[in-house]
**Student:** 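Here it is, the structure, as structure tokens.
Just so we're clear, the structure is a prediction, and the values are computed from it rather than from any experiment.
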Amino acid sequence: MASFLLGRAATLALVLFGASVLIFLVVRALPGDPAIAMMTSNATPEEIQAMREALGLHLPLWVQYGSWVSGALVGDLGRSFTYSTGVSRMILDRFPVTLHISLAALVIAMAIAIPAGVLAAKHKGGLIDHLARVIAMIGISMPVFWQGLLSILLFAVILRWLPPGGYEPLSAGIGVSTAHILLPAVALGTAYAATITRMLRASMLDVLGREHIAVARAHGVPESTIIWTDAFRNALIPTLTAAGFSFGYLLAGAVLTEVIFNLPGMGRLLYESILARDYPLVQGLVLLNVTVFVLINFSMDALYALLDPRIRR
């Protein structure tokens with residue numbers, strides 16, 4: 001198993017290297033000049049050039065890339081052009097907010113997806129199955145930002161049950177924090193619950209159609225035992241994979257949600273840094289998102305190898 005994991009780690013390291021090159025080049029290809037964005041409208045060409053030199057943008061691209069990557073390897077992602085603060089420090093300050101939202105959304109997604117997927121598979125072709133598939137299709141088709149706007153309109157503006165935005169940490173009280181986090185978490189969680197539901201239903205149906213399930217039923221094993229002990233446990237591996245990647249998407253894809261709900265997380269910071277042409281901040285945030293996906297991928301591979309001896313061999 002150690003050789004398998006070492007091989008996967010080497011592959012993922014190459015992926016990270018390639019991603020870092022791509023991120024650097026794509027960010028540099030964004031329209032607009034950071035030096036011009038930071039100067040007043042009446043700045044002279046000489047002042048703009050001086051700002052470019054102060055930011056290090058006059059150096060060759062390979063020098064800029066080498067400086068950025070060498071710093072990133074030791075946890076230094078450079079300094080923000082806009083805030084004149086270390087990018088790593090800014091990410092650490094904003095990461096707990098996005099992590100809080102993402103974990104809450106994942107809990108909501110799994111709380112919806114597990115019973116819905118199991119019941120849909122158990123009652124294949126019935127009313128519950130059709131209802132679960134229709135709701136899952138609606139959840140997949142409806143954009144997250146649209147769900148967010150509708151939830152604000154209904155629960156914050158019309159019913160006035162919850163605040164329309166803002167963030168309160170857990171230190172402010174579980175009730176207060178939950179009230180502020182609930183709408184964005186539900187908007188994000190329901191979208192990914194639809195994907196996980198479809199994955200779990202398909203996996204459950206595949207397991208329930210196997211020969212050992214028919215043998216268990218012929219021997220009089222209770223249906224609840226077959227569903228939750230045999231079928232659900234075997235269908236859990238692909239479901240965990242879907243949940244793992246959903247968590248990665250939640251961390252990386254909360255940009256519009258954080259903007260809509262005015263949440264001070266990494267998604268909102270990425271949105272603001274793109275508008276400001278803040279190269280180090282954009283690079284650091286995108287690289288972190290890619291790293292999260294790579295680590296989740298590695299974790300899923302390790303989990304597969306742990307649960308399935310065939311993969312280890």
**Student:** Nearest 0.5 angstrom please: R201 CZ to K124 NZ, how far?
**Tutor:** 7.0 Å
**Student:** Can you check side chain to side chain contact (heavy atoms under 4.5 Å, CB included) on R268 and Y167, steps first, answer last?
**Tutor:** CA-CA 12 Å; R268 184 179 179 86; Y167 177 77; over 6 Å; no
**Student:** Could you state whether L183 and L150 fall into the same hydrophobic cluster, counting links through intermediate Ile, Leu, Val, Met, Phe, Trp or Tyr residues with side-chain heavy atoms under 4.5 angstrom apart?
**Tutor:** yes
**Student:** Starting from the C-alpha separation in whole Å, work towards a yes-or-no answer on side chain to side chain contact (heavy atoms under 4.5 Å, CB included) for V87 and Q283.
**Tutor:** CA-CA 9 Å; V87 172; Q283 291 170 180; over 6 Å; no
**Student:** Grouping I, L, V, M, F, W and Y whenever their side-chain heavy atoms are under 4.5 Å apart, do I158 and L162 come out in a common cluster?
**Tutor:** yes
**Student:** Linking I/L/V/M/F/W/Y whenever any side-chain heavy atoms sit under 4.5 Å apart, do F261 and V176 land together?
**Tutor:** no
**Student:** Side chain to side chain contact (heavy atoms under 4.5 Å, CB included) for F232 and I227? Distances and angles first, verdict last.
**Tutor:** CA-CA 6 Å; F232 179 69; I227 293 294; 5.6 Å; no
**Student:** Looking only at atom types and distance, does a side-chain atom of S273 sit under 3.5 Å from a main-chain N or O of L270, one as donor and one as acceptor?
**Tutor:** yes
**Student:** For F24, run the ring pair (Phe, Tyr, Trp, His ring centres under 6.0 Å) check against F17, Y65, Y279, W62 and tell me which one passes.
**Tutor:** Y65
**Student:** Can you tell me if R52 uses its side chain to pair, donor with acceptor, with the backbone of L57 under 3.5 Å?
**Tutor:** yes
**Student:** More than 12 heavy atoms of other residues, nucleotides or ligands under 6.0 Å from CZ of R198: yes or no?
**Tutor:** no
**Student:** Taking atom CD1 of I174 and atom CD1 of I181, what is their separation to the nearest 0.5 Å?
**Tutor:** 13.5 Å
**Student:** Within the structure provided, determine whether H100 and L170 are in side-chain contact (heavy-atom separation under 4.5 Å).
**Tutor:** yes
**Student:** Is there a path of hydrophobic side-chain contacts, each under 4.5 Å between heavy atoms, that joins L182 and L154?
**Tutor:** yes
**Student:** Say whether, by atom type as modelled, one donor and one acceptor occur between the side chain of S88 and the main chain of G75 under 3.5 angstrom.
**Tutor:** yes
**Student:** So, taking the atom named CZ in R133 and the one named OG1 in T197, what distance separates them when rounded to the nearest 0.5 Å?
**Tutor:** 13.0 Å
**Student:** Listed by chain and number, what are the salt bridge (charged side-chain N to carboxylate O under 4.0 Å, His left out) partners of E223, not counting sequence neighbours?
**Tutor:** R217
**Student:** Between L12 and L16, is any pair of side-chain heavy atoms under 4.5 Å apart?
**Tutor:** no
**Student:** Can you tell me how far the CG atom of L119 sits from the CD1 atom of I114, to the nearest 0.5 Å?
**Tutor:** 11.5 Å
**Student:** Do other residues, nucleotides or ligands put more than 12 heavy atoms under 6.0 Å from the CZ atom of R89?
**Tutor:** no
**Student:** Using modelled atom types and a 3.5 Å cut-off, is there a donor and acceptor pairing between side-chain atoms of S70 and backbone atoms of S67?
**Tutor:** yes
**Student:** Taking the inter-plane angle between the rings of W161 and F155 on a 0 to 90° scale, is it parallel (under 30°), tilted (30 to 60°) or perpendicular (over 60°)?
**Tutor:** tilted
**Student:** With distance as the sole test, does H219 use its side chain to make a donor-acceptor pair with the main-chain N or O of V215 at under 3.5 Å?
**Tutor:** yes
**Student:** Can you tell me how far OG1 of T82 sits from CG of D278, rounded to the nearest 0.5 angstrom?
**Tutor:** 3.5 Å
**Student:** Of all residues at least two apart in sequence or in a different chain, which pass the salt bridge (charged side-chain N to carboxylate O under 4.0 Å, His left out) check with R28?
**Tutor:** none
**Student:** On a heavy-atom basis, which atom in I101 and which in A185 lie closest, and how many Å separate them?
**Tutor:** O-CB, 4.4 Å
**Student:** For the CH2 atom on W146, are there more than 12 heavy atoms of other groups (residues, nucleotides or ligands in this structure) within a distance under 6.0 Å?
**Tutor:** no
**Student:** Could you report the tightest heavy-atom contact between L281 and S80, atom names first, then the distance?
**Tutor:** CD2-OG, 4.2 Å
**Student:** How many angstroms lie between atom CD1 of I48 and atom CE of M51, to the nearest 0.5 angstrom?
**Tutor:** 9.5 Å
**Student:** Side chains of V97 and R94, heavy atoms from C-beta outward: is any pair under 4.5 Å?
**Tutor:** no
**Student:** Ignoring hydrogens, what is the shortest heavy-atom contact between A121 and L205? Give both atom names and the distance.
**Tutor:** O-CD2, 3.6 Å
**Student:** What closest approach, in Å, do L200 and G117 show between heavy atoms, and which atom pair accounts for it?
**Tutor:** CD2-CA, 4.1 Å
**Student:** Quick one: does S20's side chain get under 4.5 Å of W68's, heavy atoms only?
**Tutor:** yes
**Student:** Mind listing the closest non-hydrogen atom pair of P163 and A156 along with its distance?
**Tutor:** C-CB, 4.1 Å
**Student:** Using every non-hydrogen atom in the two residues, find where L77 and G284 come nearest and quote the distance to one decimal.
**Tutor:** CD1-CA, 3.9 Å
**Student:** Surrounding CZ of F298 (heavy atoms of other residues, nucleotides or ligands, distance under 6.0 Å), is the total greater than 12?
**Tutor:** yes
**Student:** Measuring only between side-chain heavy atoms, which start at C-beta, is L208 closer than 4.5 Å to I226?
**Tutor:** yes
**Student:** Are V63 and V69 connected in a single hydrophobic cluster, I mean Ile/Leu/Val/Met/Phe/Trp/Tyr linked by side-chain heavy atoms less than 4.5 Å apart?
**Tutor:** no
**Student:** Any heavy-atom pair between the side chains of Q147 and S151 that's under 4.5 Å?
**Tutor:** no
